[in-house]
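See below for the structure under consideration.
Quantities reported herein were computed from a predicted structural model and do not represent experimental measurements. FYI, the numbering just counts along the sequence from 1.
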Amino acid sequence: MSRPVPEAAWQQPHLAVDFLDRRHILLPLLDVQEDLIRRLLTRHGRPIERFLDLGCGDGAMADLVFDLPGRADLRPEAVLVDFSEPMLERARARLTEHGGRWETRRGDLNDPGWHQGLSDGRFDAVVSGLAIHHIAAERKRELFAEVLALLAPGGIFVNMDYVEITGPLRGVFDEQMRANALHAEHERGGTRSAEEVDFEDNEDRPDTAQDQLQWLREAGFEQCEVHFKWAEAAVFGGVKPVAA
Ligand SMILES: C[S@@+](CC[C@H](N)C(=O)[O-])C[C@H]1O[C@@H](n2cnc3c(N)ncnc32)[C@H](O)[C@@H]1O
């Protein structure tokens, strides 16, 4: 059985709504990253008939997969997982147009039981956006192995996430988020300060992209790549070997 979902910031409706309402404004280079993920999933070539969205929020990543170009004939099914009921509520509202082809599941990725009831080898793709950095290193390693098991041979895992970096660019992602929020505030004539518009998320546990690639390889993924990197923003993942 899954453990009870703990109280966390993301389960507070105000934080969920604040993030979702400003996601496109706040996140640096989001359009570029989403465009790259579309190209990656399309060029990977494997038809996506069934996929998982981990830490789905309002289902933005799932929406991206449903709307992949050139796949009008494919009507994928999706399972969206999040431990925040306010987020899942927003996902159900957002995805109504894809009616009947998805289910939402309340689950905590910190709990190895989160995938109970999902069959191994069933998913052609697993996507995740800005969620896995909330879990600790050791659990990330286990999660990558769980994701590998859930994927069908040849299936792809793509994670758009916030990663740890060192050196002079450390903190640039957060700085840019604050600048984006302040710019949007001024554009609409608001007068709130940088501190007031800042997005509060104190539950980050990022690890470096290099470490996570290594953990993906150790889990058994191949074609492990960092597809995109800008300061703390990264898109990375791997493919389940066909012969696994
Ligand atoms: C920054 S939001 C991103 C949401 C969405 N994937 C997106 O790209 O907009 C992070 C999401 O991860 C979820 N999350 C964080 N930790 C989680 C956990 N341990 N288990 C399940 N979901 C989690 C939060 O509830 C939230 O919906």
Side-chain angles (χ1 to χ4, degrees), residues 10 19 23-24 26-44 46 51-57 60-62 64-65 81-82 109-110 112 114 123 125-151 154-180 199 201-241 244:
W10 288 104
F19 172 76
R23 180 181 188 271
H24 252 92
L26 290 175
L27 297 173
L29 299 177
L30 181 61
D31 290 345
V32 175
Q33 296 179 73
E34 289 182 338
D35 176 61
L36 202 68
I37 294 169
R38 277 187 207 98
R39 290 173 197 246
L40 173 66
L41 294 175
T42 308
R43 292 160 79 110
H44 179 57
R46 183 189 170 88
F51 70 93
L52 257 175
D53 181 353
L54 302 183
C56 62
M61 297 292 286
L64 179 155
V65 180
V81 180
D82 204 291
L109 299 173
N110 280 307
W114 69 270
F123 295 93
V126 176
V127 296
S128 185
L130 296 153
I132 294 175
H133 73 276
H134 290 111
I135 68 177
E138 202 41 51
R139 199 38 218 141
K140 283 192 186 88
R141 302 175 75 149
E142 295 171 357
L143 181 67
F144 292 164
E146 290 156 11
V147 167
L148 185 85
L150 288 162
L151 281 169
I156 187 167
F157 172 45
V158 55
N159 184 18
M160 176 179 84
D161 216 348
Y162 177 82
V163 298
E164 175 74 15
I165 65 167
T166 52
L169 291 180
R170 191 163 199 268
V172 160
F173 182 99
D174 291 342
E175 259 171 51
Q176 189 60 49
M177 283 229 309
R178 216 169 298 128
N180 292 348
F199 179 73
D201 174 10
N202 300 322
E203 297 183 345
D204 293 336
R205 293 177 180 82
D207 289 287
T208 65
Q210 292 92 322
D211 279 350
Q212 294 186 76
L213 272 202
Q214 182 56 26
W215 301 341
L216 286 172
R217 287 191 198 101
E218 286 168 12
F221 281 93
E222 61 182 22
Q223 299 178 44
C224 300
E225 286 287 345
V226 176
H227 306 292
F228 170 91
K229 179 85 172 49
W230 180 88
E232 283 93 348
V235 176
F236 62 94
V239 171
K240 179 166 177 169

* Output, in order, the C-alpha distance, side-chain angles, deciding distance and verdict of salt bridge (Lys or Arg N to Asp or Glu O under 4.0 Å) for Glu34 and Arg23. => CA-CA 13 Å; Glu34 289 182 338; Arg23 180 181 188 271; 3.0 Å; yes
* Say whether, by atom type as modelled, one donor and one acceptor occur between the side chain of Arg139 and the main chain of Leu109 under 3.5 angstrom. => yes
* Asked: Got a second to check how far Asn110's CG is from Lys140's NZ, nearest 0.5 Å?
  -> 10.0 Å
* Asked: Any donor-acceptor pair under 3.5 Å linking the side chain of Asn159 with the backbone of Gly237?
  -> no
* Is it true that Trp230 and Phe173 have ring centroids separated by less than 6.0 Å? -> no
* Just checking, any donor-acceptor pair under 3.5 angstrom between side chains of Gln214 and Gln210? -> no
* Asked: If only atom types and distance count, is the side chain of Arg141 paired as donor or acceptor with the main-chain N or O of Trp215 below 3.5 Å?
  -> no
* Checking Lys229 side chain against Ala231 main chain: does a donor-acceptor pair fall under 3.5 Å? -> yes
* Asked: Out of curiosity, Leu64 CG to Phe51 CZ, how far, rounded to the nearest 0.5 Å?
  -> 9.0 Å
* Asked: Hey, are the side chains of His24 and Asp31 touching, using non-hydrogen atoms and a 4.5 Å cut-off?
  -> yes
* Answer whether the closest heavy-atom distance between the side chains of Arg217 and Glu222 falls below 4.5 Å. => no
* Asked: What is the ring orientation for His134 with Trp10, classed by angle as parallel under 30°, tilted 30 to 60°, or perpendicular over 60°?
  -> perpendicular
* Do side-chain atoms of Arg205 reach the backbone of His133 as a donor and acceptor pair under 3.5 angstrom? -> no
* Tell me, with the steps shown, if Val235 and Ile37 meet side-chain contact (heavy atoms from CB on, under 4.5 Å). => CA-CA 8 Å; Val235 176; Ile37 294 169; 3.9 Å; yes
* Asked: Hey, does the side chain of Glu232 reach the backbone of Tyr162 with a donor-acceptor pair shorter than 3.5 angstrom?
  -> no
* To do: State, with a plain yes or no, whether a side-chain heavy atom of Phe123 is found less than 4.5 Å away from one of Val147.
  => no
* Asked: Okay, side chain of Gln212, backbone of Val163: is any donor-acceptor separation there less than 3.5 Å?
  -> no
* Where do Leu148 and Phe157 land on the side-chain contact (heavy atoms from CB on, under 4.5 Å) test, with the steps shown first? -> CA-CA 8 Å; Leu148 185 85; Phe157 172 45; over 6 Å; no
* To the nearest 0.5 Å, how far apart are CG in Asp35 and CG in Leu29? -> 12.0 Å
* To do: Write down the atom of Asp161, the atom of Leu130, and the distance for their closest heavy-atom approach.
  => OD1-CA, 3.3 Å
* **Non-hydrogen atoms of Val239 and Gly154 that approach each other most closely** => CG1-O, 3.8 Å
* To do: Can you establish whether the number of heavy atoms outside Arg39 located under 6.0 Å from its atom CZ is more than 12?
  => no
* Give, for atom CG of Leu213 and atom CG of Asp207, the distance between the pair rounded to the nearest 0.5 Å. => 12.0 Å
* Asked: Between Phe228 and Phe236, is the ring centre distance below 6.0 Å?
  -> no
* Leu54 vs Met61, side-chain contact (heavy atoms from CB on, under 4.5 Å): CA-CA, chis, key distance, verdict -> CA-CA 9 Å; Leu54 302 183; Met61 297 292 286; over 6 Å; no
* Asked: Looking at CD1 of Ile156 and NE2 of His44, how far apart are the two atoms once the value is rounded to the nearest 0.5 Å?
  -> 4.5 Å
* For the side chain of Asp53 and the backbone of Ser128, is there at least one donor-acceptor N/O pair under 3.5 Å apart? -> no
* Show your reasoning for whether side-chain contact (heavy atoms from CB on, under 4.5 Å) applies to Arg38 and Val65. => CA-CA 7 Å; Arg38 277 187 207 98; Val65 180; over 6 Å; no
* Structure fact -> Shortest non-hydrogen pair, Lys240 vs Leu151, comes out as NZ-O, 2.9 Å
* What are the two closest non-hydrogen atoms of Met177 and Pro28, and how far apart are they? -> CG-CD, 3.9 Å
